[in-house]
Every structure is written in structure tokens, then in C-alpha cells.
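Take a look at the structure set out below.
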Amino acid sequence: MRSTRIKKGVETAPHRSLLRATGLKDEDFEDKPWIGIANSYNNIIPGHIHLNEITEQVMRGIRDAGGVPFVWGVPGICDGIAMGKGHGMLYSLPSRDHIADNVEFMVGAHSLDGWVGVTNCDKITPGMLMATGRINLPAIIITGGPMKSGDFKGKTADIISCFEVIGEYNANKVTIDDVLACERSACPGAGSCSGLFTANSMACMTEILGLSLTNCAAMLAVNPKKMELAYFTGKRIVKLVKKNICPRDIVTEKSFENAIKVDMCIGGSTNTVLHLPAIAKEYGFDLSLDLFQKCAEISPNLIKIRPSGDLTMEDLYDVGGISAVMKRLESILDTSQKTVNLSNIGEIIKNVDEGIIDSQVLRNIDNPHSTQGGLRIVYGNLCPLGSVVKVAAVSEKMMVHEGPARVYDSEDETMEAILGKKINPGDVIVIRYMGQKGAPGMPEMLSPTSAIAGMGMIDSVALITDGRFSGGTRGPCIGHMEPEAWEKGPIAAIREGEMIKIDLINRIVDLQIPQEEIDHRLNELQLPKRVLKGFLKNYVNSLE
């Protein structure tokens with residue numbers, strides 16, 4: 001074990017002396033695995049307010065299995081709080097890489113034998129998953145679980161309801177008292193936002209990759225069984241250390257393909273197209289956009305969880321969670337892939353109780369909502385390197401659309417136009433300079449997309465951006481357009497009023513002007529002036 005270098009030898013007496021000051025005893029320097037716990041608790045994010053309790057149970061499991069637990073803090077940003085006014089959302093995506101570094105720092109510096117990631121929300125889980133591949137020491141991730149859905153006027157509510165009610169208010173559909181009532185009821189307590197948004201999408205990806213225990217992803221934060229799962233997670237990490245089973249012994253290229261297929265089946269967040277390749281890179285694999293599209297074409301969409309439909313993560317848990325999804329997709333998955341359960345996917349599938357799978361919630365593979373997956377990769381003269389849309393959340397009316405461009409270079413400008421009722425049915429909103437380098441940090445455009453939905457224009461207005469969308473975004477919203485405007489991508493060439501054609505059936509988005517004119521404009525393009533400092537400056541420099 002790596003910790004032996006500190007536990008044994010005269011020359012490491014100072015190291016042990018410092019550790020004794022933290023409470024370690026003689027027996028802790030014997031042949032016991034030292035297990036780190038990366039705890040992302042804070043009292044800002046509702047998805048993380050209960051993680052100390054989960055961490056306590058993980059620690060108890062580690063001790064009962066003969067290990068010694070060590071805990072440290074990991075930062076976490078709530079996208080729902082950070083987005084919108086100000087610059088908070090610029091820090092969200094960069095924090096993912098910071099979190100991976102954080103875990104590497106702590107595990108590497110202190111000679112730990114293995115670690116557990118206690119996480120839940122949008123960038124924290126991907127950051128920890130990146131660390132599993134990078135460090136390649138025994139590891140398990142436990143996600144804190146979804147929030148129970150709220151209730152607003154007798155209907156299921158969540159954070160997206162709050163974003164959309166703003167548009168409804170500006171369209172004179174609801175009163176200010178309704179806005180306040182929605183604000184008070186949409187988020188009832190601990191857990192990640194209750195729909196299949198980015199946090200819960202990535203929890204599902206963690207389970208299918210084999211890095212969390214069975215049923216972790218869909219189990220509600222308030223479910224008492226979550227604490228049992230945390231305890232067994234603590235016990236399991238000690239066993240993995242003793243058997244020297246590392247993440248790269250579990251996760252393969254086929255594991256990532258399985259994850260993409262499940263993602264397509266459940267209609268996960270478009271952000272999975274951003275995070276899965278970053279995680280795979282730490283494992284030494286390259287996930288192309290074409291692979292996502294290939295998987296989409298053979299992975300039917302079997303469930304409609306908010307924002308694609310009215311179901312919640314609790315509904316998914318009630319029918320068997322990710323294990324049930326894998327059961328439905330058995331014929332297209334590689335079931336030989338290993339997991340931290342010390343059983344492979346095929347063995348997990350055999351234990352699924354088919355009696356609890358409600359076919360009205362999770363459809364059979366021969367009766368899908370659609371024969372292709374919930375995400376779609378789109379190309380065209382505006383995004384020659386690709387873009388992504390959550391097609392499962394797009395109505396049939398908007399699968400093909402052509403309209404005049406309404407061009408904005410910031411989210412604030414866009415929101416002013418939408419709420420100021422300056423957007424007309426048929427328009428194509430363009431928000432650019434929102435990419436990783438341009439914004440910087442690739443902020444989510446949930447406020448504009450939700451305002452459009454709330455104002456009743458989701459079936460008549462499209463939106464394209466080189467930024468990204470929340471997993472809660474619905475409608476004809478195409479994001480991640482590459483190259484981004486800051487790198488003189490074609491989206492920077494669009495002028496107000498020019499016609500844009502979107503064909504999601506044939507996966508094309510085109511500006512209706514000659515390519516020669518696009519090229520000429522990009523050659524003449526002068527980038528906006530800006531001044532960066534601190535972390536964001538360092539982040540942009542790291543992308544060069």
C-alpha cells in the first residue's frame with residue numbers, strides 16, 4: 001500500500017507525529033488502508049447540504065472494514081444560483097478541472113491508498129470522475145441523490161419551473177404572487193435538482209461507468225437507503241484497496257459506449273457531450289462527436305423525464321433505476337463491463353426485478369418514444385465541427401425551422417430583448433462569444449431558454465449558441481457550436497435579420513448566405529476587447 005511509506009521507517013517519524021496530532025493512534029499505523037474522502041459539502045448548494053451525513057456513513061463503513069478515513073473539502077458551484085445576472089456562471093465549467101486537481105493534490109500529497117468522492121452537482125461529479133482516471137487508485141463515487149420534486153398549483157415543479165415562470169410573468173400569464181409561490185415551492189429540500197438535468201445525468205453516467213454502487217443515481221437524497229448505500233460504499237472501497245482494483249481495471253472504452261447509449265435512452269443533458277469526453281481523456285480514450293451520434297442512432301429513447309416530459313428521477317427509481325434501463329438495453333450494451341459492485345453489468349441485469357418496471361414509465365425497446373436517442377449531433381456551415389441539441393425535448397413543430405437571426409453578444413442583452421418582448425415568433429436567437437474562451441467558461445443559457453418557454457414561444461422560436469445549455473433546457477436550442485466565435489467560428493459572421501435554416505431531422509444548421517461571404521467576414525473580424533485576471537485568465541491560457 002502507498003501509505004506504507006509513511007507508516008513505516010524511522011525517517012518518517014515527523015510525518016507520523018503530525019498525523020498523531022489529528023487523532024491517529026498506534027493501531028492506525030499498522031496494516032490498515034488509508035482512505036481519503038473528497039467531501040463536497042457546503043450549505044450553499046441544496047444538492048450538497050446533506051453530504052456531511054453521507055460522509056459520516058462512508059467513514060463508518062471504512063472503519064468497520066478495517067480502514068482509516070481522512071476527509072477534506074472540495075468546492076462546489078450551484079449553476080442555478082450562479083447563472084444569469086453577473087459573472088458567476090463563468091466559473092462553473094472551469095471549476096470542474098479545479099476539482100480534478102483538488103483530488104489529485106490531496107490523494108497524491110498524502111500517500112493515500114484509495115478514495116471516495118462524495119458529490120452530487122453539475123461540475124463536481126465530472127471533476128471527480130476525471131480524477132478517478134487520472135490518479136488510477138481504487139476509488140468509488142457516491143452521488144448524493146436527486147431532490148424530491150415540488151408542487152406548484154397542483155403540478156410537478158422544480159427549478160426549471162422557477163426559470164420559466166419569469167417568462168410567464170412577463171407575458172402577463174401569471175401574477176407576481178404566482179412567481180413568489182413558485183419560488184417557495186419548487187425546491188423542497190436536499191438533493192440535486194429533481195429532473196434529468198446535468199447533475200442527475202452525470203450521476204446516471206457514473207453508475208453505468210461502473211464507479212458507483214447499484215441504485216445510487218436515481219435514489220432520492222431523502223431516501224433513508226442513501227445512508228445505507230453510503231455505509232456500504234465505505235466498506236467497498238476498503239475491499240477494492242485490498243484487492244488492488246483500480247478505476248482503469250473497471251472502466252474501458254466499451255464502458256463509455258455503454259454510458260452514451262444509456263444517456264441517449266434516458267434523454268440526458270447535452271452537457272454529457274462535454275463531460276464524458278473530458279473524463280474519457282483522463283482514461284486515455286478519445287470520444288468523438290461521431291461516436292455520440294452513432295450511439296444515438298441505435299439507442300431508442302425509452303423514458304421522458306423532465307424537461308423532456310413530466311416524469312421525475314423518483315419515477316425512474318421506482319421502476320428500478322439505471323439497472324432497469326440497462327435491462328431494457330441489454331441487447332445493445334456490452335454486459336461484460338465491470339463495476340465497483342465486483343459484479344459485471346450482465347450480473348447486475350440478472351438481478352433486476354422485471355415486475356416493478358412499469359412500461360408506461362420506462363418503455364420496452366420495441367415501443368420507444370423514438371427509435372433514436374434523446375441527443376443529436378448537428379453540423380452545417382455555422383458549426384462545421386459540430387453542435388448538440390436535446391432533441392427529446394423538441395416538439396415535432398420545430399424539427400425543421402427557418403427564420404431571421406436575432407444576434408446578441410451576451411446573455412444579458414438576450415434576456416433584455418426576450419423580456420422586453422422584442423423577439424417575434426419565427427425568430428432564431430443567436431447568442432455568441434459564450435464559448436470556453438469567449439465568455440470565458442462556456443456559461444449555460446438556461447435563463448433565455450426558460451424565458452422563451454415561459455412566454456409561450458417554445459414552438460415558434462429557436463436559439464443557437466457557442467455556449468451551452470442546462471440539462472433543464474427544452475425546445476429547439478442548439479449549443480456547443482464549434483468553432484466558437486472567439487476562435488472566429490462561423491457563428492461570429494451572422495448579421496441581424498439573415499436567414500438561418502435548422503433541420504434537426506437531417507442534422508443541419510445553416511446560415512443562408514454564400515460560404516465566400518462567411519469566409520470574408522471572418523477574415524475581417526475584430527474580436528471584442530476584454531480584460532481577464534485571476535483564475536479566469538489562467539483558465540483561458542490553459543486552453544491555448
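Quick caveat: nothing in here was measured; it's all calculated off a predicted structure.
Judged purely by atom type and a 3.5 angstrom limit, Ser387 has no side-chain atom pairing as donor or acceptor with the backbone of Met481. Here the side chain of Arg16 pairs no donor or acceptor atom with the backbone of Phe29 at under 3.5 angstrom. Between the side chain of Asn52 and the backbone N or O of Ile54, no donor-acceptor pair lies under 3.5 Å. With His50 contributing its side chain and Val222 its backbone, the two residues share no donor-acceptor pair below 3.5 Å. In this structure, Asp28 contributes its side chain and Lys25 its backbone to a donor-acceptor pair below 3.5 Å. No donor-acceptor pair closer than 3.5 Å links the side chain of Asn301 to the backbone N or O of Gly373. Looking at His48, its side chain does come within 3.5 Å of a backbone N or O of Cys121 through a donor-acceptor pair. One N or O on the side chain of Asp315 and one on the backbone of Thr312 form a donor-acceptor pair closer than 3.5 Å. Arg507 places a side-chain N or O within 3.5 Å of a backbone atom of Ile377 that can act as its donor or acceptor partner. Under the 3.5 Å distance criterion, the side-chain polar atoms of Asn341 are left unmatched by any main-chain donor or acceptor of Ser343.
Side-chain contact between Pro443 and His87 is absent, with no heavy atoms from C-beta onward closer than 4.5 Å. Side-chain contact check for His275 versus Lys123: some heavy-atom pair is nearer than 4.5 Å. For the pair Ser40/Val118, no side-chain contact is recorded, criterion being any heavy-atom separation below 4.5 Å from C-beta on. Taking 4.5 Å as the limit, some side-chain heavy atom of Ile35 sits within range of a side-chain heavy atom of Val238. Residues Pro384 and Pro483 have side chains in contact (heavy-atom distance under 4.5 Å, counting atoms from C-beta outward). Thr473 has its side chain out of reach of Met445: every pair of non-hydrogen atoms, C-beta onward, lies at least 4.5 Å apart. Contact check for Gln293 versus Arg376: side-chain heavy atoms found under the 4.5 Å cut-off. Ile159 is not listed as a side-chain neighbour of Leu446, based on a closest heavy-atom distance of 4.5 Å or more.
Between the side chains of Trp486 and Asp466, no donor N or O sits under 3.5 Å from an acceptor N or O. A side-chain donor-acceptor contact under 3.5 Å links Ser359 and Arg328. With 3.5 Å as the limit, one finds no donor-acceptor pair spanning the side chains of Gln57 and Glu53. A donor atom on one side chain and an acceptor atom on the other are found under 3.5 Å apart for Lys7 and Ser3. Residues Tyr539 and Gln436 have side chains that bring a donor and an acceptor to within less than 3.5 angstrom of each other. Donor-acceptor pairing under 3.5 Å is recorded for the side chains of Gln337 and Thr252.
Shown here is Lys304, whose NZ atom has more than 12 heavy atoms of other residues, nucleotides or ligands within 6.0 Å. The environment of OH in Tyr91 is sparse: at most 12 heavy-atom neighbours from other residues, nucleotides or ligands sit within 6.0 Å.
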Can you check side-chain contact (heavy atoms from CB on, under 4.5 Å) on Met202 and Ile124, steps first, answer last? CA-CA 10 Å; Met202 290 310 302; Ile124 302 92; over 6 Å; no
Would Asn223 and Leu229 count as a side-chain contact (heavy atoms from CB on, under 4.5 Å) if you check the C-alpha gap in whole Å, the side-chain angles of each, and the deciding distance to 0.1 Å? CA-CA 10 Å; Asn223 189 329; Leu229 194 74; over 6 Å; no
Under the criterion side-chain contact (heavy atoms from CB on, under 4.5 Å), I'd like the reasoning laid out for Trp72 against Val107: C-alpha separation, chi angles, the key distance, then a yes or no. CA-CA 10 Å; Trp72 73 89; Val107 172; 3.8 Å; yes
Under the criterion side-chain contact (heavy atoms from CB on, under 4.5 Å), I'd like the reasoning laid out for Glu314 against Lys148: C-alpha separation, chi angles, the key distance, then a yes or no. CA-CA 7 Å; Glu314 189 172 4; Lys148 193 171 180 62; 3.3 Å; yes
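Partner of Thr125 under the side-chain hydrogen bond (donor to acceptor under 3.5 Å, both in side chains) criterion, out of Thr119, Thr143, Thr206, Asn120: Thr119 alone. Tested against Leu375, the residues Thr270, Val389, Val391, Ile260 include a single side chain to side chain contact (heavy atoms under 4.5 Å, CB included) partner, Thr270. Exactly one of Ile322, Thr335, Thr214 qualifies for a side chain to side chain contact (heavy atoms under 4.5 Å, CB included) with Ile348. That residue is Thr214. Just one of Glu482, Glu444, Glu484 meets the salt bridge (Lys or Arg N to Asp or Glu O under 4.0 Å) condition when paired with Arg468; it is Glu444. Tested against Ile37, the residues Val74, Thr233, Leu112, Val58 include a single side chain to side chain contact (heavy atoms under 4.5 Å, CB included) partner, Val58. For the side chain to side chain contact (heavy atoms under 4.5 Å, CB included) with Arg5, the qualifying choice from Lys8, Met1, Arg2 is Arg2, the only one to do so. Checking each of Asp79, Thr198, Asp122 against Asn271 for a side-chain hydrogen bond (donor to acceptor under 3.5 Å, both in side chains) leaves exactly one that passes, namely Thr198.
Nearest heavy-atom pair across Asn136 and Arg248 is OD1-N, 2.9 Å. Heavy-atom minimum distance, Ile303 versus Val361: CG1-O, 3.2 Å. Considering all non-hydrogen atoms of both residues, Met147 and Gly191 come closest at CE-O, 3.3 Å. Shortest non-hydrogen contact noted between Val10 and Pro14 is O-CD, 4.5 Å. Minimum interatomic distance between Ile141 and Thr132 (heavy atoms only, all atoms of both residues): CD1-CG2, 4.1 Å. Residues His98 and Pro75 share a closest heavy-atom pair of CD2-CG, 3.6 Å.
Residues meeting the salt bridge (Lys or Arg N to Asp or Glu O under 4.0 Å) test with Lys437, sequence neighbours left out: Glu487, Glu544.
Taking CD of Glu253 as the reference point, atom CG of Asp286 lies at 8.5 Å (rounded to 0.5 Å). Atom NZ in Lys261 sits 10.0 Å away from atom CD1 in Ile208 (nearest 0.5 Å). The NE2 atom of His480 sits 12.0 Å away from atom SG of Cys383, with the distance rounded to the nearest 0.5 Å. For the atom pair CG of Leu316 and CG of Leu196, the computed distance is 8.0 Å after rounding to the nearest 0.5 Å. Note that CG of Leu504 is 5.0 Å distant from CD1 of Ile478, once rounded to the nearest 0.5 Å. To the nearest 0.5 Å, atom CZ of residue Phe197 and atom CD1 of residue Ile305 are 10.0 Å apart.
For residues 217-226, the set of pairs meeting the salt bridge (charged side-chain N to carboxylate O under 4.0 Å, His left out) definition, not counting sequence neighbours, is empty. A salt bridge (charged side-chain N to carboxylate O under 4.0 Å, His left out) check over residues 101-116, counting only residues at least two apart or in different chains, returns the pairs Asp101-Arg134, Glu104-Arg134.
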